[in-house]
Amino acid sequence: MPSVFRTHYAGELSLALEGEVVAVSGWVKRIRDHGGLVFLEVWDRSGLVQVVADPTSADYEPMKQVRLEYVVKVEGQVKRRPSGTENLQHSTGDIEIRISKLTVLNACKPLPFLIEDDAEVQENVRLLYRYLDLRRPRMIENLRVRHSAMQATRKFLSDNGFMEVETPILTKSTPEGARDFLVPSRLTKGHFYALPQSPQLFKQLLMVAGFDRYFQIARCFRDEDLRADRQPEFTQIDIEASFLTLEEFLEVNERLVEKIFGELGIALERPFRRISYKDAIETYGTDKPDVRFGMHLKDLSAVFSGSSLEVFRKAMESGGVIKGLKPEGLKEFSPKEQSVLEEMARSVGLGGLTIVRREGSALKGRLTRHFSEAETSGTIETLGLGDGEWGILAVGPNAKLCTGLSQVRLYFRDKLALVPAGSHAFLWVVDFPLLEYDEAEGRYVSMHHPFTAPMDEDIHKLEQDPLTVRAKAYDMVLDGNEIGGGSMRIYNAAVQERVFSLLAISKEEARQKFGFLLDALAYGAPPHGGIAYGLDRIVTLVVGASSIREVIAFPKTQKGTCLMTQAPSPVSEDQLQELGIQLVKSKAEAEGLDV
RNA sequence: GGGGUCGUAGUUCAGACGGUUAGAACGCCGGCCUGUCACGCCGGAGGUCGCGAGUUCGAGUCUCGUCGGCCCCGCCA
């Protein structure tokens, strides 16, 4: 699209245009001033082109005045570079623009950091000047991949009869789930909207309304603590469909994912492998296993049931278990490396590790002299230790052990390079329990959410044996990351009320919070179900970034602040008054301290 | 709520056991340089060592607190 500013993008120039007069606009990335000859590299979103001037050139003087990141328009003739001076690293490396006119469109102050892909700059500096950080080619590429993923999603789903519908951002606070972000209402003082944790209820209502197939690339909000893969606001590819069985629905989703990843250059095999929640936890210690390598967790509780070791016995008496794994292909494991592992294990909640090594029919390690013969041979057999191989043992409450050992497993995956670069494993995790027991709250809570349908054959156990009831729920896992999850929904008001009552949500509360949903389910709700994908995580995986902040244009810090805009920030007394809000003084202020 | 880690020039970092004037590279400013492409060479400016206490004759260095970035546990249906 030619304009006054450009006839071409810089990256489009080539020998085919030799001799033509072109105009390019962009930023000055490099200046090589030889006193006589001056070279500039001018960059735009498409790439770089070299501009050259010598003392006889028109606008030679302006060329000498240019500084890094000035915005310039250059006009001149496309020339083949003199033989021997081509630069094969750039697609435009065999040509250059002989300057005839240089226009400085805008100057640029000296930069807070160099805008280059390989400049390692502290993240707080990058976030403060995010607009400069985003000027780096890698960041633009990350967001381009994100754009492609969104486009592929919209194309595929539209082509398959799904309709994109927007749902409210100002909505109602609901119990269950994450903490809500609240928005005070001016018109109804003392009342609050909540930002949606997901469009969950609305998409189900759209199914009741007969939309049949819905999707939305939806912003979601959860006021919980942040992680490398969690932001307070994030984007879901949100989908809901009616009149599809679980199998049919999963099949559509596999095709969608094939399309998205295909667009991004990643081929995958269908149908996806499946694993039950129970098997995933037992074998990998997590419900989002990376199945590209083995190193399965083994239960050694039986082996050590009569252990004389106090740490083992005490842990098991208080309901704990002993589990272990064998790092595949681990040969050398120096004391220093061992302490690094132990440090890492502590940080993920493991009390301690026992590191053992098989030597002949014996085990060597810190605690092994307390092992009986049967315990030694049992450990060797259960972990499958060959001579000279290492084993890692840990003891503790099962849940904690699983979390920790699954991390240890990933630690060795990276340390021992167990997964070839570029290989991927897509996986469905299925057969989730409908409920789990929340010790802190003393009640059952939904594993997925309260609208998840129990499996038909388990419904009769709802009241008698709730923890064994399986849900029609599924997670999509890629290389150890949960990238999507969903379920078939309850579409019968009576079943929905039974589930609410199991969750200790009273009739009154259910009516108050979800009355509209219960009503809707009673007005001819079709069988339906859905899924939501974490777009940020998918893009992060595809571009190989270490945090979702790398694929979000303007992300928040771990404390939920934006370093660039300074949000969140105090508001004026007038604003508060209008909303009927009075701030409670912090403890320090109340005590009259200077804060 | 808890654990870990980092904070020194615009940027990335180095600063031995607490010692005299806190260094390097890149960037910035000035000079030289006609085929460079991370151009080269010479010179220069640039520092509240995050902030606040404390120990000490003396603190970038040790102690405590605090603020901020990052990683993790809890939390995130």
Side-chain angles (χ1 to χ4, degrees), chain A residues 29-41 48-57 60 67-69 79 81-90 92-93 96 108-129 132 174-180 197-198 200 220-232 234 343-350 399-400 403-404 407 411 432-436 438 440 444-452 471 473 482 485-487 499 503 505 532 534 546-547 549 556-559 561 563 588 595:
Chain A
K29 288 292 157 178
R30 262 198 187 100
I31 300 161
R32 290 183 289 274
D33 183 345
H34 289 235
L37 274 182
V38 183
F39 299 96
L40 301 183
E41 286 182 13
L48 280 168
V49 68
Q50 174 167 286
V51 181
V52 64
D54 66 37
T56 67
S57 305
Y60 174 73
R67 295 292 177 268
L68 285 184
E69 299 297 328
K79 292 267 202 183
R81 291 198 195 177
S83 167
T85 65
E86 300 89 352
N87 184 345
L88 300 176
Q89 288 168 330
H90 295 141
T92 61
E96 62 195 2
C108 178
K109 294 206 297 185
L111 296 162
F113 54 87
L114 285 184
I115 300 177
E116 289 174 0
D117 272 343
D118 39 11
E120 296 289 329
V121 183
Q122 284 191 11
E123 199 165 354
N124 51 349
V125 180
R126 294 176 55 200
L127 290 175
L128 185 59
Y129 299 95
L132 295 181
T174 54
E176 305 290 299
R179 193 177 294 114
D180 285 319
Q197 295 176 26
S198 79
Q200 185 58 38
C220 304
F221 307 86
R222 292 175 193 177
D223 189 5
E224 296 292 347
D225 288 357
L226 277 55
R227 287 283 190 285
D229 62 350
R230 288 184 350 212
Q231 284 271 301
F234 58 100
E343 180 64 28
M344 174 267 161
R346 261 192 298 279
S347 78
V348 296
L350 290 176
K400 213 166 190 173
T403 318
Q407 294 284 106
Y411 172 81
F432 283 88
L434 185 70
L435 307 165
E436 53 192 343
D438 187 320
Y444 297 112
V445 295
S446 296
M447 187 124 186
H448 188 52
H449 59 53
F451 320 111
T452 300
E482 183 197 328
S487 64
V499 170
L503 298 174
I505 299 175
S546 55
S547 152
R549 294 185 300 277
K556 307 274 191 294
T557 68
Q558 197 166 49
K559 287 207 172 133
T561 64
L563 296 177
V595 284

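Each chain gets a letter, A, B and so on, in the order its sequence line appears, and its residues count up from 1.
Closest to the side chain of A:Lys559, from the set B:rC39, B:rG68, B:rC71, is B:rG68. Closest to the side chain of A:Glu224, from the set B:rC70, B:rC75, B:rC39, is B:rC75. Comparing atom distances between the A:Thr557 side chain and each of B:rC37, B:rC70, B:rC28 picks out B:rC70 as nearest. Among the nucleotides B:rU34, B:rC33, B:rC70, the one closest to any side-chain atom of A:Leu37 is B:rU34. With B:rC71, B:rG35, B:rC70 as the choices, the nucleotide that has an atom nearest any side-chain atom of A:Phe39 turns out to be B:rG35.
A donor-acceptor contact under 3.5 Å links the side chain of A:Glu96 to the base of B:rG35. Side-chain to base pairing of A:Arg549 with B:rG69: no donor and acceptor N or O lie closer than 3.5 Å to each other. For B:rC75, its base sits under 3.5 Å from the side chain of A:Arg230 at one donor and acceptor pair at least. Contact of A:Arg81 with B:rC37 (side chain to base): a donor-acceptor pair of N or O atoms is detected under 3.5 Å.
Taking the C1' atom of each, B:rG10 and B:rA45 are spaced 13 Å apart, rounded to whole Å. A gap of 27 Å separates the C1' atoms of B:rG52 and B:rG46, to the nearest Å. Rounded to the nearest Å, the gap between the P atom of B:rG50 and that of B:rC28 is 26 Å. Comparing B:rC37 with B:rG27, their P atoms sit 14 Å apart, to the nearest whole Å. Rounded to whole Å, the P atom of B:rU8 lies 10 Å from the corresponding atom of B:rA14. Taking atom C1' on both nucleotides, B:rG2 is separated from B:rA38 by 45 Å, rounded to a whole Å. Comparing the P positions of B:rC64 and B:rC71 gives an interatomic distance of 26 Å, to the nearest angstrom. On the C1' atoms, B:rG44 is 26 Å away from B:rU20, given to the nearest whole Å.
For B:rC71, one of the phosphate oxygens OP1 or OP2 lies less than 4.0 angstrom from a side-chain nitrogen or oxygen of A:Gln558. Of the side-chain N and O atoms in A:Gln89, one or more sit less than 4.0 angstrom from OP1 or OP2 of B:rA38. The side chain of A:Arg32 contributes no N or O atom lying less than 4.0 Å from OP1 or OP2 of B:rA38.
Straight-line distance from the CG atom of A:Asp180 to the P atom of B:rC75: 18 Å, rounded to whole Å. Atom CG in A:Asp225 sits about 12 Å away from atom P in B:rC72, given to the nearest Å. Rounded to whole Å, atom C1' of B:rC33 lies 8 Å from atom CG of A:Asp33. As rounded to whole Å, 12 Å separates atom C1' of B:rC70 from atom CZ of A:Arg126. Here the C1' atom of nucleotide B:rC41 and the NE2 atom of A:His34 are 12 Å apart, to the nearest Å. Distance A:Arg30 CZ to B:rG35 P: 20 Å, rounded to the nearest Å. In this structure, the CD1 atom of A:Ile31 is 11 Å from the P atom of B:rG27, given to the nearest Å. Taking atom NZ of residue A:Lys556 and atom C1' of nucleotide B:rG68, one finds them 18 Å apart after rounding to whole Å.
Between A:Leu350 and A:Gln407, the closest side-chain pair of non-hydrogen atoms is not below 4.5 Å. Residues A:Thr557 and A:Arg549 form no side-chain contact, since every pair of their non-hydrogen atoms from C-beta on lies 4.5 Å or further apart. For the pair A:Arg222 and A:Arg230, the minimum side-chain heavy-atom distance is 4.5 Å or more. In this structure, A:Gln197 and A:Asp180 have side chains that are in contact, with non-hydrogen atoms separated by less than 4.5 Å. Using a 4.5 Å heavy-atom threshold, the side chains of A:Phe39 and A:His34 count as touching.
With the nearest nucleotide of RNA chain B identified for both A:Gly177 and A:Arg227, A:Arg227 has the one nearer the 5' end. Residues A:Leu127 and A:Thr85 both approach RNA chain B. Their nearest nucleotides, taken by heavy-atom distance, put A:Thr85 toward the 5′ side.
Across all strands, A:Asp223 comes closer than 4.0 Å to no nucleic acid atom at all (heavy-atom distances). Contacts of A:Glu86 with the nucleic acid, taken as non-hydrogen atoms under 4.0 Å apart, include base atoms. Using a 4.0 Å heavy-atom cutoff across all strands shown, A:Leu226 reaches no nucleic acid atom at all. Contact annotation for A:Thr561: backbone-only contact, meaning every heavy-atom pair under 4.0 Å involves sugar-phosphate atoms and none involves a base. Within the 4.0 angstrom heavy-atom criterion, base atoms lie near A:Gln50.
Across all strands shown, B:rG52 is found opposite B:rC64 as a Watson-Crick or G-U wobble partner, with both distances under 3.5 Å. When both distances must be under 3.5 Å, the Watson-Crick or G-U wobble mate of B:rG47 does not exist. With a cut-off of 3.5 Å on both pairing distances, B:rU36 has no Watson-Crick or G-U wobble partner at all. Using Watson-Crick or G-U wobble geometry with both donor-acceptor distances under 3.5 Å, B:rG58 finds no partner in any strand shown. B:rG27 is unpaired under the criterion used here, namely a Watson-Crick or G-U wobble arrangement in which both key atom distances are under 3.5 Å. Pairing for B:rC70 is with B:rG4, a Watson-Crick or G-U wobble pair whose two hydrogen-bonding atom distances lie under 3.5 Å.
Between atom CG of residue A:Leu127 and atom NZ of residue A:Lys556 there is a gap of 10.5 Å, rounded to the nearest 0.5 Å. Separation of atoms CG (A:Leu503) and CG (A:Asp438) is listed at 11.0 Å; rounding is to 0.5 Å.
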Do nucleotides 4-13 of chain B as a string where each nucleotide becomes B, S or -: B if the base has a protein heavy atom under 4.0 Å, S if just the sugar-phosphate does, - if no protein is that close.
------SSS-
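Against the 90° criterion about 0, the sugar-base torsion of B:rA22 places it in the anti range. Using a 90° window around 0 for the glycosidic torsion, B:rC67 falls outside it and is classed as anti.
At least one donor-acceptor pair closer than 3.5 Å links the side chain of A:His449 to the backbone N or O of A:Phe451. Between the side chain of A:Glu69 and the backbone N or O of A:Cys108, no donor-acceptor pair lies under 3.5 Å. Judged by distance alone, the side chain of A:Tyr60 and the main-chain N or O of A:Gly36 form a donor-acceptor pair under 3.5 Å.
Using a 4.0 Å cut-off between charged nitrogen and carboxylate oxygen, A:Arg179 and A:Glu224 count as a salt-bridge pair. A salt bridge does not link A:Glu116 to A:Lys29: none of the charged side-chain nitrogens sits closer than 4.0 Å to a carboxylate oxygen.
In this structure, A:His90 does not pack face-to-face on the six-membered ring of B:rC37, missing the 5.5 Å centre cutoff or the 30° plane limit.
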